[in-house]
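Worksheet for the structure shown next.
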Amino acid sequence: MATCYRHPSRETGVSCSNCGNPICPDCMTATPVGMRCPDCARQKTKVRTAAHIRAGGDPIATYVIIGLCVLVAFGSGSLVSGGSGPVFRDGALFGPAIAFNHEYWRLVTSGFLHGGLIHLGFNMYILYWLGGMLEPVIGRARFVALYFASLLGGSFGALLLSPDKVTVGASGAVFGLMGAALVMQRARGIDPMQSGILPLILLNLFISFLPGLNISIGGHLGGLLAGVIAGFVIEEAAKRRTSQLVAVAGCAVIGALAVAGALAVAGNETAPIALGAITGLL
């Protein structure tokens with residue numbers, strides 16, 4: 001991967017839209033025609049009202065995550081069977097299975113399972129939009145670290161509020177990406193209201209609290225909080241011009257804390273006999 005022309009120790013997948021020099025997040029200036037380096041930005045008046053922080057580069061990690069979710073959904077047969085089957089049963093987030101049967105993988109696998117075609121399509125559409133916006137700017141490694149920190153934060157939130165309910169979906173991770181995008185846009189002087197990020201977050205939070213929709217409020221809030229914290233860590237690391245390993249390590253710490261929290265609350269208000277309930281629920 002190319003390195004920033006002003007900070008050779010920092011890898012980046014973004015180039016100046018005017019001269020083509022590779023630039024890191026700390027050197028980017030948002031303009032109506034894309035990101036520009038400090039030298040080119042000084043040639044014209046800076047513009048801080050860009051709708052996105054999208055830049056050049058293909059969001060490969062985003063495509064891979066979307067592909068995995070789609071393959072799991074169709075490969076497991078859950079879209080046809082209405083959210084059931086062995087893959088769904090053994091991979092969904094369920095507190096008693098984690099607390100009493102030590103099935104820790106559910107903290108991650110639940111984020112790749114979906115309860116229906118609409119559930120899958122909605123999450124993948126937003127993931128595609130956010131991934132195309134964020135991944136080219138922060139780089140593939142940071143994006144993947146951010147995604148999984150948000151996913152684990154969502155698992156923690158879901159178990160904290162509803163440890164005895166079956167939960168699936170990439171919503172927690174997607175909410176985390178929204179939170180990180182909000183932090184990063186504000187850091188670059190981009191109006192989150194004009195970019196659509198803030199309205200998107202508020203709308204989805206409103207929908208999350210609507211009664212009768214069987215939405216994991218804890219998963220959404222947990223993912224959003226983890227994403228905001230991870231976005232702040234990534235931005236601070238960029239300001240200090242550190243290696244991407246620092247930002248990745250920060251996201252890993254957030255994920256580890258989320259796992260610790262999830263394991264601590266997975267057995268709340270449940271009993272070992274509740275393990276048998278998962279068969280009936282699915």
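Note that the structure is predicted; figures quoted are calculated from it, not measured. All residue numbers in this chain count up from 1 along the given sequence. These values consider heavy atoms only, across backbone and side chains, with no hydrogens, waters or symmetry-generated copies.
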side-chain contact (heavy atoms from CB on, under 4.5 Å) evaluation trace for Arg10 with Thr3:
CA-CA 5 Å; Arg10 298 175 60 184; Thr3 58; over 6 Å; no
Do [X] and [Y] land in one hydrophobic cluster if side-chain heavy atoms of ILVMFWY residues count as linked below 4.5 Å?
| X | Y | answer |
| --- | --- | --- |
| Val246 | Val144 | no |
| Phe100 | Trp105 | no |
| Leu161 | Ile207 | no |
| Leu210 | Ile201 | no |
| Phe148 | Leu127 | yes |

How long is the span from the [atom1] atom in [X] to the [atom2] atom in [Y], to the nearest 0.5 Å?
| X | Y | atom1 | atom2 | result |
| --- | --- | --- | --- | --- |
| Leu221 | Leu205 | CG | CG | 6.5 Å |
| Cys24 | Arg241 | SG | CZ | 7.5 Å |
| Ser110 | Leu93 | OG | CG | 4.5 Å |
| Thr62 | Arg140 | OG1 | CZ | 9.5 Å |
| Ile197 | Leu202 | CD1 | CG | 11.0 Å |
| Ile234 | Arg142 | CD1 | CZ | 7.5 Å |

Please give me the minimum heavy-atom distance between [X] and [Y], naming the atom from each residue.
| X | Y | answer |
| --- | --- | --- |
| Val233 | Ala247 | CG1-O, 4.3 Å |
| Val137 | Pro25 | O-CG, 3.7 Å |
| Gly227 | Leu146 | O-CD1, 4.1 Å |
| His114 | Phe88 | O-CE1, 3.7 Å |
| Thr12 | Pro22 | CG2-CB, 3.9 Å |
| Pro199 | Met193 | CG-SD, 3.3 Å |

So, applying side-chain contact (heavy atoms from CB on, under 4.5 Å) with Phe143, which one of Ile60, Leu130, Leu134 is it?
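For Phe143, the side-chain contact (heavy atoms from CB on, under 4.5 Å) test succeeds with only one of Ile60, Leu130, Leu134, which is Leu134.
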Output yes when a side-chain donor or acceptor of [X] lies under 3.5 Å from a complementary backbone atom of [Y], and no otherwise.
| X | Y | value |
| --- | --- | --- |
| Thr109 | Gly91 | yes |
| Trp129 | Met124 | no |
| Asn101 | Glu103 | no |
| Ser216 | Ala158 | no |

Using a 6.0 Å cut-off, check whether atom OH of Tyr104 has over 12 heavy atoms from anything other than its own residue.
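Check passes, neighbour count above 12.
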Under a 4.5 Å cut-off applied to non-hydrogen side-chain atoms, are [X] and [Y] in contact?
| X | Y | result |
| --- | --- | --- |
| Pro38 | Cys27 | yes |
| Asp39 | Tyr5 | yes |
| Phe156 | Leu257 | no |
| Leu120 | Phe74 | yes |
| Met133 | Gln185 | yes |
| Ile98 | Leu159 | yes |

Can you give each donor-acceptor pair under 3.5 Å made by side-chain atoms of residues 167-178, sequence neighbours left out, with the distance rounded to 0.1 Å?
unit_1: Ser171; atom_1: OG; unit_2: Asn123; atom_2: OD1; d: 3.2
unit_1: Ser171; atom_1: OG; unit_2: Asn123; atom_2: ND2; d: 3.3

For Arg6, salt bridge (charged side-chain N to carboxylate O under 4.0 Å, His left out) partners two or more places apart
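Partners of Arg6 under the salt bridge (charged side-chain N to carboxylate O under 4.0 Å, His left out) test: none.
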Please enumerate all residues that pass ring-ring contact (aromatic ring centres under 6.0 Å, His included) together with Phe232, with sequence neighbours excluded.
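Result, ring-ring contact (aromatic ring centres under 6.0 Å, His included) vs Phe232: none returned.
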His7: which residues meet the ring-ring contact (aromatic ring centres under 6.0 Å, His included) condition with it, sequence neighbours left out?
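Here no residue qualifies.
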Residue pairs fulfilling side chain to side chain donor-acceptor pair (under 3.5 Å) with at least one residue in residues 196-211, sequence neighbours excluded
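Side chain to side chain donor-acceptor pair (under 3.5 Å) check on residues 196-211 returns Ser208-His220.
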Electrostatic pair Arg188:Glu235 at N-O distance under 4.0 angstrom:
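Salt bridge flag = yes for Glu235 with Arg188.
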Would Arg240 and Glu236 pass as an ion pair if we require N to O under 4.0 Å?
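Judged by the 4.0 Å cut-off on N to carboxylate O distance, Arg240 and Glu236 do form a salt bridge.
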According to the interplanar angle, ranging from 0 to 90°, do the rings of Tyr128 and Tyr63 count as parallel (below 30°), tilted (30 to 60°) or perpendicular (above 60°)?
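Aromatic pair Tyr128/Tyr63 classed parallel.
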Could you list the donor-acceptor pairs under 3.5 angstrom formed by side chains in residues 248-256, with sequence neighbours left out?
none

